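Following: one structure in structure tokens, then a few remarks.
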Amino acid sequence: MLLDDWQEPELAQAFATSSGLCWLHTLRLIEQGKQHTHLQTVLAAQQAHLQRLQDELHEFIRKLDYRLGRHPYGREADAWRRVVTLYVGVRGGQGSEGQDGP
């Protein structure tokens, strides 16, 4: 659906404001959409999400330095959790395997 309806402005906008896809769904998108016209465009949007998350994780790590202890955390405060969620899913919710967590 994501690939087929990508030209719909509402879908592209919703994806842009979301957290993007988890790792498993990104792999499925690539596997199932190899020949799809919109695959590269959707992957570019996903890459933007991943780049933003990487930047926030780097900022979180930078602020762990004791010399920066007085700098308040912003959005990067939970970046490490979002990275874990990206790869393994959420406990008690939908996991990356699409099944309920423990």
Side-chain angles (χ1 to χ4, degrees):
M1 181 180 124
L2 184 61
L3 292 171
D4 290 338
D5 294 339
W6 186 253
Q7 290 179 318
E8 296 297 323
E10 298 85 18
L11 179 61
Q13 180 60 33
F15 189 81
T17 59
S18 75
S19 298
L21 300 172
C22 71
W23 187 245
L24 179 66
H25 285 107
T26 301
L27 293 177
R28 285 185 185 166
L29 180 79
I30 294 167
E31 184 179 288
Q32 295 174 4
K34 289 178 186 172
Q35 304 300 322
H36 202 285
T37 306
H38 301 298
L39 179 62
Q40 293 305 315
T41 307
V42 175
L43 289 178
Q46 176 67 7
Q47 183 178 7
H49 286 297
L50 295 174
Q51 183 63 55
R52 189 169 32 256
L53 181 56
Q54 181 180 355
D55 294 345
E56 291 170 3
L57 183 62
H58 282 284
E59 182 64 8
F60 174 78
I61 292 169
R62 187 183 77 81
K63 287 184 177 178
L64 289 176
D65 187 315
Y66 73 94
R67 295 169 292 186
L68 300 173
R70 293 178 187 230
H71 288 109
Y73 285 101
R75 177 148 167 81
E76 73 279 357
D78 69 343
W80 68 273
R81 289 178 192 249
R82 288 183 281 135
V83 169
V84 172
T85 300
L86 174 74
Y87 288 102
V88 299
V90 180
R91 185 176 182 172
Q94 285 293 95
S96 63
E97 294 298 318
Q99 299 177 7
D100 289 335

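Keep in mind the model is a prediction, meaning the values are calculated, not measured.
Under a cut-off of 6.0 angstrom, the local environment of CZ in Arg52 is crowded, with over 12 non-hydrogen atoms contributed by other residues, nucleotides or ligands.
Leu57 CG to Arg62 CZ: the interatomic distance, rounded to the nearest 0.5 Å, is 13.0 Å. Between atom CG of residue Leu2 and atom CD of residue Glu8 there is a gap of 12.0 Å, rounded to the nearest 0.5 Å. The structure places CG of Leu29 at 11.0 Å from CG of Leu24, a figure rounded to the nearest 0.5 Å. One finds the SG atom of Cys22 at 8.5 Å from the CD atom of Gln46 (value rounded to the nearest 0.5 Å). Note that OG1 of Thr26 is 11.5 Å distant from CD of Gln47, once rounded to the nearest 0.5 Å.
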Q: Take Glu59 and Tyr73, measure what side-chain contact (heavy atoms from CB on, under 4.5 Å) needs, and give me the verdict at the end.
A: CA-CA 9 Å; Glu59 182 64 8; Tyr73 285 101; over 6 Å; no
Check: Could you go step by step and tell me if Ile61 and Glu76 meet the side-chain contact (heavy atoms from CB on, under 4.5 Å) rule?
Finding: CA-CA 9 Å; Ile61 292 169; Glu76 73 279 357; over 6 Å; no
Tell me, with the steps shown, if Arg82 and Glu56 meet side-chain contact (heavy atoms from CB on, under 4.5 Å).
CA-CA 10 Å; Arg82 288 183 281 135; Glu56 291 170 3; 2.6 Å; yes
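Between Thr41 and Trp6, the shortest heavy-atom contact is CG2-NE1, 3.2 Å. Closest non-hydrogen pair, His36 versus Asp4, comes out as NE2-OD1, 2.8 Å. The shortest heavy-atom contact between Phe60 and Ala77 is CE1-O, 3.6 Å. Taking each heavy atom of Leu21 and Leu86 in turn, the nearest pair found is O-CD1, 3.4 Å.
His38 and Asp5 share no donor-acceptor pair across their side chains, judged by distance under 3.5 Å alone.
Judged by distance alone, with hydrogens and angles left aside, the side-chain atoms of His71 form no donor-acceptor pair with the main-chain N or O of Lys63 at under 3.5 Å.
Grouping the Ile, Leu, Val, Met, Phe, Trp and Tyr side chains by contacts below 4.5 angstrom, directly or via other members, places Leu27 with Leu50.
In this pair, Tyr87 and Trp23 present their aromatic rings tilted. The plane angle is within the 30 to 60° band.
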